[in-house]
Amino acid sequence: MTDIAPPGSPAPAEDPRAPRPHLSRGHLLELLHQMLRIRRFEDRCAELYSYEKIRGFLHLYDGEEAVAVGAMRALAPEDAVVATYREHGHALARGVPMPAVMAEMYGKREGCSRGRGGSMHLFDRAHRFYGGNAIVGGGLPLAAGLALAHKMRGEPALVACFFGEGASAEGTFHESLNLAALWKLPVLFVCENNRYAMGTALRYEESEPQIARKAASYNLTAVTVDGMDVVAVEAAARDAATAIRHGDGPRFIEAETYRFRAHSMFDAQLYRDKEEVESWRAKGPIRRFRTWLEESGLLHPQDLAGIEAAIEAEIEEAVRFAEAGGWEPVGELERFVYSEGAAAS
Amino acid sequence: MSQPVETTYRECVKQAIREAMIRDQRVFLMGEDVGHYGGCYAVSKGLLAEFGEERIRDTPLSENAFTGIGIGAALGGLRPIVEIMTVNFSFLALDQIINNAATLLHMSGGAFNVPLVIRMATGAGRQLAAQHSHSMEGWYAHIPGLKVLTPATLEDARGMLWTALEDPDPVLIFEHVMLYNRSGTLAADAGPVDIAKAAVRREGSDVSLLTYGGALYKTLEAADKLAEEGIAAEVVDLRVLRPLDTATIVASVARTRRAVVIDEGWRSGGVSAEIAARIMEQAFWELDAPVERVCGLEVPIPYAAHLEQAALPQVEGIVAAARRSLGR
């Protein structure tokens, strides 16, 4: 971290296409803000779950925030995002409005999927957010297809595709990487390796536990990055995105990370020790980054108070919006099975 | 109307693809062996030379991924035609077809539609045994969010594709393998046809023979034989299995008061079961006899010619079923 601007210097307009992060104080505080925003939002969701405001599955991103926040900084508005069922963080970091996300968690018609998707299926056309896919590995072909469209239409956009290490055991992982590399498609594959496919540890499921090595066998550049270090993720993502925009074909980032909480809301976590969880918490992405910022004199107490207050206000507004939202009338249930007369997109 | 020209079903499908490629730059064809090989059933032969590798796109043997890539490309603004070599291979892509193509629009609350066309060969008769010969179109017709087309005539082989490509939602087209070599005449300027209605292919007043796809011609032959016995059979070509044109079925049954469903697919839980159920629901009081069914025997399709033929609906069986419904 050499090119850190001195505190108080004005934050320049940030270009997502820049090959390296511009580590101004404003930029760093924004990274902290985004990670905390996801953490606090999900803390609130867990609480709302216990009040039965949110039902179904709820997969928290707790511990993995640096991956989505870091990678998203390398994306331009015209780029597309394909995510997993653990995608609250991706949606928020991409800019999907928090009230629409919260309303979707409530199952309200004001939700970003009109109450039909829930936690696992957040969608937003305005931000080119193609979901929330709850079939492990199910999003990889979609990402490659979106990238093929970009390429054939001569659009400079890329597709960021997030998935867990569990997906690397699925056929779609291998089929999609092969095709993306073969056709030089503009896809940024981001593997969030949190070491457990639900409750099965990597060592029980993979003959080759280094996912980036698997990816590299498809003749594409694959790197492994510390997924608990938001700046490292951003730097890797910018580097990869620059190559992709240059027409070099897909890139692959394996971000080593960890999920602090249960797989979903019902999970006795028999598959791992408390000590292991605690050791990872100690190097948690927010804790570590915040400590570093404080020790570097870049984060002042009033900064943190300001960030926390802004997040709290945003979450309050999102909850208020969701509470005030309406239920989709049952008479509307059969809408959107087929398009309604409108011309295709 | 221009002069009719002599053509084949295969040629009709090819010309439909060609025309779509010429009319709309967003259209491209993707699948196994569609390019350099010329298509497993020679449908796309010559198209690579005409349109190039970008738009006649050979894929590796990755049905799930290239079907999903078709979905993604459709989301990204293209109009892909994905060719799956044969219906049994489409099972490798069921995840993408059902979990993504059929669900995305609803799951996203209307945000993302998938204007994708998937073509595949279906049906038995070429002695290709149990992993290349099944008729699973009725099974796909079970899935909300999909449209399922079964072109049986030259006109539909030529005209359904463009309409399907203009549809904002995923459309599956099943081409029966025994139809590709079928020849006949077609207007030189034949163009798009609807993908919503069943068609009465032969009018009659005594019994309705309801069928689709490869079984249409056996059914028409059975109607000829019945005519020799003084029985006027009406033949309804369903054309579209989802959404099913129940109105045309019910109207025909209301005229003839008897129905025989002919379906190469299996009887249990199939197209014939669905049609019989709809007739019960909507035309029960019009019936003078129970609905009859002539279906594929419930076995995996076998290799040996005599066994394969024994597993499929045949003209004699259709004639016998029609007679039974008339109490003869």
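Note on naming: letters A, B, ... go to the chains in the order of the sequence lines (proteins, then strands), and numbering restarts at 1 for each one. Computed from heavy atoms alone, side chains included, the values below leave out hydrogens, waters and symmetry copies.
Interface check for chain A: of the options B:G70, B:G110, B:S108, the most heavy-atom pairs under 4.5 Å are formed by B:S108. Heavy-atom pairs under 4.5 Å with chain B peak, among A:E155, A:E175, A:E334, at A:E175. Chain A forms more heavy-atom pairs under 4.5 Å with one residue of B:N100, B:V114, B:T67, B:T59 than with any other, namely B:N100. Chosen from A:A144, A:S176, A:G138, the residue pairing most often with chain B at heavy-atom distances under 4.5 Å is A:G138. Per-residue heavy-atom pair counts under 4.5 Å with chain B were compared for A:A147, A:P141, A:G137, A:G132, and the maximum is reached by A:P141. Taking chain B as the reference chain and counting heavy-atom pairs below 4.5 Å, the highest number among A:M120, A:R114, A:H121 is found for A:H121. Ranked by non-hydrogen atom pairs under 4.5 Å with chain A, the options B:P243, B:G76, B:A102 are led by B:G76.
Both the backbone and the side chain of B:N64 have a heavy atom closer than 4.5 Å to some heavy atom of chain A. Heavy-atom distances place the backbone of B:E63, and not its side chain, under 4.5 Å from chain A. When heavy atoms are compared at a cutoff of 4.5 Å, A:N178 approaches chain B solely by way of its side chain, counted from C-beta outward. At a 4.5 Å heavy-atom cutoff, the contact between A:L148 and chain B is made by backbone and side-chain atoms alike. When heavy atoms are compared at a cutoff of 4.5 Å, B:Q96 approaches chain A solely by way of its side chain, counted from C-beta outward. Neither the backbone nor the side chain of A:R109 comes within contact range of chain B; no heavy atom of the residue lies under 4.5 Å from a heavy atom of that chain. Neither the backbone nor the side chain of A:F173 comes within less than 4.5 Å of any heavy atom in chain B.
For the residue pair A:E323 and A:Y106, a side-chain donor N or O sits within less than 3.5 Å of a side-chain acceptor on the partner. A side-chain donor-acceptor contact under 3.5 Å links A:H263 and A:R86. Between the side chains of B:Y212 and B:D263, at least one donor N or O sits under 3.5 Å from an acceptor N or O.
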Distance-only donor-acceptor pairs under 3.5 Å for side chains of residues 139-146 of chain B, two or more places apart:
from   : atom 1 : to    : atom 2 : distance (Å)
B:Y140 : OH     : B:S90 : OG     : 2.5

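By the neighbour-count criterion of 12 heavy atoms within 6.0 Å, atom CZ of B:F91 is densely surrounded, having more than that number from other residues, nucleotides or ligands.
In terms of modelled atom types and a separation under 3.5 Å, the side chain of A:H150 and the main chain of A:A157 share a donor-acceptor contact. Within the 3.5 Å criterion, the main-chain N or O of A:G118 finds a donor-acceptor partner in the side chain of A:E104. Distance alone, capped at 3.5 Å, places no donor-acceptor pair between the B:H36 side chain and the B:L48 backbone.
Less than 6.0 angstrom separates the ring centroid of A:F162 from the ring centroid of A:H90.
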